[in-house]
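Reading through the structure tokens given below for one structure.
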There are 2 protein chains.
Amino acid sequence: MAKTDVLTLAILGILQDQPLHGYQIRKLLGAELGPFRALSYGSLYPCLRRMVDTGLIETAGEEPGAATPASSRRARIAYSLTEAGRTRLTEELASAGASSWDDDTFDVRFALFAHTDSATRLRILEGRRSRLSERLEEVSEGLKRMHERHDAYTAELQRHGLERVEREVEWLDQLIENERSAPGGDNPGPASAGH
Amino acid sequence: MAKTDVLTLAILGILQDQPLHGYQIRKLLGAELGPFRALSYGSLYPCLRRMVDTGLIETAGEEPGAATPASSRRARIAYSLTEAGRTRLTEELASAGASSWDDDTFDVRFALFAHTDSATRLRILEGRRSRLSERLEEVSEGLKRMHERHDAYTAELQRHGLERVEREVEWLDQLIENERSAPGGDNPGPASAGH
DNA sequence: CATTAGTTGTATCGCTCCGATACATCGAGA
DNA sequence: TCTCGATGTATCGGAGCGATACAACTAATG
């Protein structure tokens, strides 16, 4: 099975509901994933081309001299999933590969949870959790050793990073608990975890 | 004034105390900035070469056939700041350019706070804070609009992202407050902000 | 004593990504 | 009308990353 990078996966995901233009893809993806992880045209268009080349998506360009005779409409290219693309997405959604809990992949996988079955959701959440646990230990140990080599600001940076990871683990615990108690539920959990 | 990218700044910072090998730079930088922001050799060595070319650092290679005659010691290259490099670092530390509060730059700038004067520290912290405030508003508004287009998981992702930013703002507020009350202090603040 | 495994160490290749930029059309409001 | 902002496609140069190769020192394990 050919491997699918994050961007490709995200595009497959957003195209499954409706065909979109490049511009719309960028905008929608930006809205879904937040202002973090901006997606630039410099990566979007090459990726779209790659996907067309490998047959995952196809273009449905609006031909210039069509309905209205005199209007030379601007080139607008709508991308839609091919059968192969839909298959690939399904495969990818069902298989929670180890990379699913990587920092940059997890967000996209999570955004696609509505299209993922409960067992896979759970596996991904737990994988991510254990990944963060490792990091937690790693950082705390580094922090302990840091007391020897002074510099309060560097230590504070580590401390804050540690806290951030701890928060994310708590968040995951909430989600996991809810997933276990309501495997079929559409809702990710109690409306608010903290605050 | 030539612009200095993040990686260059980080290397300047870590070399100011003692000369180091490429390997040690990577390791130390990794320890200071945490397991996030890994630094790969694929970017480190090219950057070191760039810095040598522009005269910011210089190499002090240990010559092979030196002290012990028969031992052909392995090539080990120690990098140290030149006068130009030290000047550049000082300039950069004094001027809190607008890019100082970018996501990927702020960490490095913060790690160098021990070598930064209080006024600049404050300006950077406040710049970062206002940057995050903008983002806060941006995300909250996106979240409000998100209720119209269902998908609980996508919304939850945004909600969690929002919370993370809120946390960071609180953290910054702590640091700013402390910086104001003790401008000369070595300590970033009360040992623990939350928990 | 020999083999193995892990750490220190330098370096490159291919690919992807990003920021900036260019160009063009359309709708709304000054 | 004229301008501004949104929509839309596209590329270029540079920088980053992951993987990988090579090499020597060092500790433990058999």
Side-chain angles (χ1 to χ4, degrees), chain A residues 2-11 19-31 33 35-54 57 59-65 68 70-79 98-99 102-105 108, chain B residues 2-11 19-31 33 35-54 57 59-65 68 70-79 98-99 102-105 108:
Chain A
K3 65 174 176 180
T4 312
D5 61 302
V6 212
L7 186 45
T8 300
L9 178 60
I11 295 177
L20 290 171
H21 296 170
Y23 188 81
Q24 296 171 315
I25 292 177
R26 180 176 131 99
K27 220 176 154 225
L28 265 182
L29 233 44
L33 300 177
F36 354 82
R37 308 241 165 277
L39 169 61
S40 74
Y41 292 122
S43 35
L44 175 60
Y45 282 107
C47 182
L48 285 173
R49 201 201 321 283
R50 272 190 318 265
M51 292 173 73
V52 170
D53 288 347
T54 54
I57 58 177
T59 63
E62 291 161 28
E63 50 272 42
T68 34
S71 84
S72 65
R73 297 271 294 140
R74 150 162 98 270
R76 309 167 85 244
I77 303 163
Y79 296 90
S99 65
D102 284 357
D103 284 333
D104 47 348
T105 310
V108 174
Chain B
K3 65 174 177 180
T4 312
D5 61 300
V6 212
L7 185 46
T8 299
L9 178 60
I11 294 177
L20 291 171
H21 296 169
Y23 188 82
Q24 295 171 316
I25 293 177
R26 180 177 131 100
K27 221 174 155 229
L28 265 182
L29 234 44
L33 299 178
F36 353 83
R37 308 241 164 278
L39 169 61
S40 74
Y41 292 122
S43 36
L44 175 61
Y45 282 107
C47 182
L48 284 174
R49 199 200 323 283
R50 276 193 312 268
M51 291 174 74
V52 170
D53 288 346
T54 54
I57 58 178
T59 63
E62 292 160 29
E63 48 271 43
T68 35
S71 84
S72 65
R73 297 271 296 136
R74 147 160 101 271
R76 308 167 87 241
I77 303 161
Y79 297 90
S99 64
D102 284 357
D103 284 333
D104 46 349
T105 310
V108 174

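The sequence lines fix the lettering, A, B, ..., with proteins before strands; numbering per chain opens at 1. Just the heavy atoms: all of them, side chains too, but no hydrogens, waters or symmetry mates, feed the values below.
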Side chain proximity check, I25(B) to L48(B), heavy atoms < 4.5 angstrom: yes

Any N/O pairs under 3.5 Å between the protein and nucleotides 14-16 of chain C? List them or say none.
none

Which residues satisfy the side-chain hydrogen bond (donor to acceptor under 3.5 Å, both in side chains) test with S43(B), sequence neighbours excluded? S40(B)

From CG of L28(A) over to C1' of dT7(D), roughly how many Å is that when rounded to an integer? 14 Å

If you take all heavy atoms of Y45(A) and Y23(A), which pair is closest and at what distance? OH-N, 4.1 Å

Rounded distance (Å) that lies between atom P of dC17(D) and atom CG of D102(A): 15 Å

Flag side-chain contact, heavy atom, 4.5 Å: I11(A) against L7(A): yes

Does T8(A) form a side chain to side chain donor-acceptor pair (under 3.5 Å) with D5(A)? I'd like the steps, not just the answer. CA-CA 5 Å; T8(A) 300; D5(A) 61 302; 2.6 Å; yes

Which of dT9(D), dT8(C), dT12(C) is nearest the side chain of I77(A)? It is dT9(D)

Residues P46(B) and Y41(B): closest non-hydrogen pair is CD-O, 3.6 Å

Kindly say if Q24(B) contacts the phosphate of dT8(C), meaning a side-chain N or O under 4.0 Å from OP1 or OP2. no

Out of dG16(D), dT7(D), dC17(C), which has the shortest distance to the side chain of S43(B)? dG16(D)

Send over the distance from L44(A) CG to dA10(D) P, rounded to a whole Å. 10 Å

Rounded to the nearest angstrom, tell me the gap between atom CG in L39(B) and atom P in dA19(D). 15 Å

Let's see if you can work this out: which of dT8(C), dA11(C), dT9(D) has an atom nearest to the side-chain heavy atoms of Y45(B)? dA11(C)

May I have the distance from L48(B) (atom CG) to dT12(C) (atom P), rounded to whole angstrom? 12 Å

From dA6(D), dC18(C), dG9(C), pick the nucleotide closest to the side chain of Y23(A)? dA6(D)

Nucleotide dC12(D), atom C1' - distance to CZ of R49(A) in whole Å: 13 Å

Using the side-chain heavy atoms of S40(A), tell me which of these nucleotides is nearest: dT10(C), dC18(C), dG8(D). dC18(C)

From L20(B) atom CG to R26(B) atom CZ, the distance as rounded to the nearest 0.5 Å: 14.5 Å

State, to 0.1 Å, how close T59(B) and V52(B) come at their nearest heavy-atom pair, and which atoms those are. CG2-CG2, 4.1 Å

Between the first and last five pairs of the helix from dC1(C)-dG30(D) to dA30(C)-dT1(D), the angle of the axes, rounded to 10 degrees: 30°

To the nearest Å, how far apart are H21(B) NE2 and dA11(C) P? 11 Å

Find the distance Y41(B):OH to dG18(D):P and express it as a whole number of Å. 13 Å

Going from CG on L39(B) to NZ on K27(B), what distance comes out if it is rounded to the nearest 0.5 angstrom? 14.0 Å

